[in-house]
Amino acid sequence: MDAVLDRQASDQMTVDGVAVSVTYANEGDARVSEQEIRAYIDRGNAQHPNSTVTGLALEVDGEDVGIRYELAPVPFDRIRRITGYLVGTMDRWNDAKAAEEADRVKHGVTREDRAFTCANGC
């Protein structure tokens with residue numbers, strides 16, 4: 001069995017900007033065409049709509065094909081609570097809401113602000 005593993009063929013290529021690795025388990029396995037690779041890339045992009053396929057590894061074993069995708073990181077948008085609303089950016093706010101945000105009182109977080117004070121002198 002070790003002799004079979006030593007004879008595995010491997011192809012490395014780039015298709016439409018995606019790094020592709022194809023490994024064949026058997027010497028007689030049919031080669032994967034560039035058209036098939038594009039179909040696998042399209043399938044990966046359809047299955048992961050919020051990401052982009054950047055790498056593809058195919059493992060061909062007779063009629064079976066193992067597929068492993070590498071995906072680009074998903075961009076992260078920061079969300080904050082401002083004046084009672086969860087927002088990412090304020091670029092779509094109207095003038096009244098922007099003025100409300102500018103006039104808000106920001107509470108301090110210094111140690112003195114958090115210290116307990118007794119109003120009746122206890």
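If you're wondering where the values come from, they're calculated on a predicted model, not measured in any experiment. Each residue takes its place number in the sequence, starting with 1.
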**Asked** Looking at side-chain heavy atoms only, is the closest gap between V53 and D42 below 4.5 Å?
**Response** no
**Asked** By salt bridge (charged side-chain N to carboxylate O under 4.0 Å, His left out), which residues pair with E34, not counting sequence neighbours?
**Response** R38
**Request:** Identify the two heavy atoms, one from D29 and one from G62, that lie closest to each other, and give their separation to 0.1 Å.
**Result:** OD1-N, 2.9 Å
**Request:** To the nearest 0.5 angstrom, please state how far the OH atom of Y24 sits from the CZ atom of R31.
**Result:** 5.0 Å
**Of L56, V20, V18, the residue whose pairing with M13 passes side chain to side chain contact (heavy atoms under 4.5 Å, CB included)** = V20
**Prompt:** Do N26 and D61 pass the side-chain contact (heavy atoms from CB on, under 4.5 Å) test, and can you show the C-alpha distance, the side-chain angles, and the key distance before you say yes or no?
**Reply:** CA-CA 6 Å; N26 305 305; D61 187 5; 3.0 Å; yes
**Request:** Enter the distance from R43:CZ to E36:CD here, rounded to the nearest 0.5 Å.
**Result:** 13.0 Å
**Fill in**
With sequence neighbours left out, the residues meeting side-chain hydrogen bond (donor to acceptor under 3.5 Å, both in side chains) with S21 are Q12
**Request:** Applying side chain to side chain contact (heavy atoms under 4.5 Å, CB included), name anything that partners D95, two or more places apart in sequence or on another chain.
**Result:** none
**Message:** With rounding to the nearest 0.5 angstrom, report the CG to CG distance, L71 to N45.
**Reply:** 8.5 Å
**Heavy-atom pair of closest approach, residues Y40 and Y69** = O-OH, 2.8 Å
**Message:** How close do A30 and V60 get, counting heavy atoms only, and between which atoms?
**Reply:** O-CG1, 4.2 Å
